[in-house]
2 protein chains.
Amino acid sequence: MTMAERKAFNKREKIIKSAIKIVNRRGYSGTTMEEVAAELLMTKGSLYYYFKNKSDLMFQCNSIVLLEAQEDLKRVLLDESLSIKKRLQEMVFIHIHYAIEENEVFNLIMRPEQLFSEEQLEEVLHLRDEYAAFFDKIIAKGIETKDFNTEDPIMLRMFILGAMNWIQQWYKPNGRLSKKEIQQRFWNYILKLLT
Amino acid sequence: MTMAERKAFNKREKIIKSAIKIVNRRGYSGTTMEEVAAELLMTKGSLYYYFKNKSDLMFQCNSIVLLEAQEDLKRVLLDESLSIKKRLQEMVFIHIHYAIEENEVFNLIMRPEQLFSEEQLEEVLHLRDEYAAFFDKIIAKGIETKDFNTEDPIMLRMFILGAMNWIQQWYKPNGRLSKKEIQQRFWNYILKLLT
DNA sequence: AGACATTTTTAAACATTGTTTAAAATTTGA
DNA sequence: TCAAATTTTAAACAATGTTTAAAAATGTCT
């Protein structure tokens with residue numbers, strides 16, 4: 001990688017980090033290219049040197065956060081020192097953590113087929129599938145070991161992830177329910193569904 | 001109500017009906033005032049005679065659909081000829097029906113606090129609370145009659161409604177899973193959670 | 001029916017924001 | 001230092017929500 005390429009790569013990363021913060025504050029449509037640029041003392045035009053367009057930038061914000069969450073999940077999934085149940089519990093806690101803390105950017109709500117180009121859409125869906133597969137894997141393991149018991153584990157996983165994703169629609173940082181409480185109670189429900 | 005008022009009222013209704021169709025097809029941000037107007041052979045400017053702005057129009061689309069769904073729920077909730085369980089089952093089927101068929105407009109996704117004005121926001125949240133209360137009521141009844149058994153029924157209701165709401169994020173009209181299948185399996189999960 | 005008041009529609013201007021462009025400024029590397 | 005490559009900029013442009021003032025349509029009263 002040449003000097004220039006490395007520099008561009010770093011800059012791109014800085015822009016994404018900046019954009020993630022703003023998107024989580026203002027939402028997708030509330031985020032303007034101008035504000036993202038201003039944060040880094042640039043003009044909005046320069047962003048187009050690094051990103052094809054706004055939806056490309058949003059796409060990359062989403063991808064970064066999703067990949068980060070995937071890393072967290074993978075670490076737990078492969079931790080053989082933990083029981084299957086414990087591993088799923090931690091994965092549930094991680095998912096809820098992201099749904100709450102990276103709410104807007106974690107799963108860019110809105111029909112992705114409207115926001116994204118054909119190729120982007122394919123990649124987003126692929127990333128989401130990969131992400132969900134982590135949950136499928138641990139559930140499958142648990143069925144094998146008889147820790148869990150359910151028909152149609154895929155549908156159940158969709159049910160469970162949906163319930164968690166929706167948290168971002170009502171969670172308020174200083175509301176009645178703390179993140180910890182939500183994690184704990186949601187985990188109880190999920191365990192009940194799986195046994 | 002004078003003639004003119006009645007006419008304006010009807011026109012408003014026509015516009016809303018038209019907008020609902022378009023929003024369900026194109027999503028919130030994909031819907032332009034121009035397209036809504038064109039559907040009724042008007043120019044976009046005239047819409048502002050009937051609605052304060054786009055978000056006001058969206059708000060009223062959302063309200064209409066939400067109120068319609070509330071009516072459906074109420075009918076079932078009060079139908080004493082059905083067992084508690086059966087009533088909840090029908091309510092679940094109704095909710096999933098709306099989540100699928102009126103996907104985009106049923107619960108206007110996106111932070112309502114960004115889309116709506118102060119007063120609108122208050123009304124939206126109120127409507128949503130009212131809506132959720134129908135589920136709380138039947139669950140409370142079921143707990144009384146020992147049909148159901150759960151601590152913290154409110155949180156559980158949030159879990160359940162969230163799971164159902166998320167369907168709109170992945171449901172495809174000609175996909176692998178039919179509406180009926182989803183309704184049936186989701187109901188199984190919900191029943192498991194409640195007993 | 002005709003005249004006046006009210007209601008409704010329109011076209012055009014405007015504001016905001018995403019996007020493109022051509023040129024200027026900066027950086028790199030020999 | 002100088003030419004080539006990279007990056008930034010300001011300005012123009014496009015799309016779309018919003019406002020406005022005037023025109024058109026409608027309703028009402030005599």
Side-chain angles (χ1 to χ4, degrees), chain A residues 1-16 18-20 22-23 25-62 104-105 108 110 112 114-117 119-120, chain B residues 1-19 22-23 25-62 104 108 110-112 114-117 119-120:
Chain A
M1 196 153 56
T2 73
M3 177 97 254
E5 280 171 335
R6 219 171 322 143
K7 266 189 62 182
F9 183 87
N10 287 337
K11 189 89 185 220
R12 228 184 305 265
E13 205 163 44
K14 260 191 205 153
I15 296 171
I16 292 173
S18 218
I20 287 176
I22 295 173
V23 173
R25 193 160 60 239
R26 300 221 189 281
Y28 170 75
S29 50
T31 297
T32 69
M33 296 300 269
E34 189 122 41
E35 185 172 359
V36 173
E39 181 98 352
L40 296 166
L41 308 177
M42 307 164 77
T43 57
K44 60 180 177 173
S46 6
L47 294 180
Y48 289 82
Y49 183 73
Y50 298 98
F51 301 92
K52 206 163 145 290
N53 48 37
K54 181 177 175 181
S55 105
D56 181 30
L57 174 56
M58 297 295 114
F59 165 71
Q60 302 213 30
C61 291
N62 179 238
E104 198 72 41
V105 114
L108 274 187
M110 83 242 324
Q114 272 173 30
L115 177 58
F116 294 129
S117 71
E119 326 134 57
Q120 284 171 344
Chain B
M1 195 150 61
T2 73
M3 176 99 252
E5 279 171 335
R6 218 170 326 141
K7 266 188 60 181
F9 182 88
N10 287 337
K11 188 90 184 218
R12 229 183 306 267
E13 205 163 44
K14 259 190 207 156
I15 296 171
I16 293 172
K17 283 282 189 289
S18 216
I22 294 173
V23 173
R25 194 160 59 237
R26 301 222 188 283
Y28 170 74
S29 50
T31 297
T32 69
M33 297 298 270
E34 190 121 41
E35 185 172 0
V36 173
E39 180 98 355
L40 297 166
L41 308 177
M42 307 166 75
T43 57
K44 61 180 176 173
S46 5
L47 295 179
Y48 290 82
Y49 182 73
Y50 298 98
F51 301 92
K52 209 163 144 292
N53 49 36
K54 180 177 175 181
S55 105
D56 181 30
L57 174 56
M58 296 297 113
F59 166 70
Q60 303 214 29
C61 290
N62 180 237
E104 198 72 42
L108 272 186
M110 84 242 324
R111 312 189 168 165
Q114 273 174 30
L115 176 57
F116 294 128
S117 71
E119 327 133 56
Q120 284 172 345

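Quick note on labels: first sequence line is chain A, next is B, and so on, each numbered from 1.
- Among the nucleotides D:dG17, D:dT9, C:dT8, the one closest to any side-chain atom of B:Lys54 is D:dG17.
- You'll find the side chain of B:Met33 reaches within 4.5 Å of the side chain of B:Leu57, heavy atoms only.
- The A:Asn53 side chain lies nearest to C:dT19 when the options are D:dA10, D:dT26, C:dT19.
- Ranking C:dT10, D:dT9, D:dG17 by closeness to the B:Met33 side chain, first place goes to D:dG17.
- Proximity of B:Phe59 to B:Lys52: side-chain heavy atoms (C-beta onward) are nowhere separated by under 4.5 Å.
- Considering only the side chain of A:Ala8, D:dT7 comes nearest among D:dT7, C:dG18, D:dG17.
- Contact annotation for A:Thr32: backbone-only contact, meaning every heavy-atom pair under 4.0 Å involves sugar-phosphate atoms and none involves a base.
- Listed nucleotides D:dG17, C:dT17, C:dT20 differ in distance to A:Lys44; the shortest reach to its side chain belongs to C:dT17.
- A distance-only check finds a donor-acceptor pair linking the side chain of B:Lys54 to the backbone of B:Thr31 [under 3.5 Å].
- You'll find that the side chain of B:Lys7 is closest to D:dG27, out of D:dG27, C:dG18, D:dT9.
- Of the candidates C:dT8, D:dT8, C:dA11, the closest approach to any side-chain atom of A:Met42 belongs to D:dT8.
- At a threshold of 4.0 angstrom between heavy atoms, the contacts of A:Tyr50 are confined to the sugar-phosphate backbone, with no base atom among them.
- The side chain of A:Tyr48 lies closest to C:dT19 when the candidates are C:dT19, D:dT8, C:dT17.
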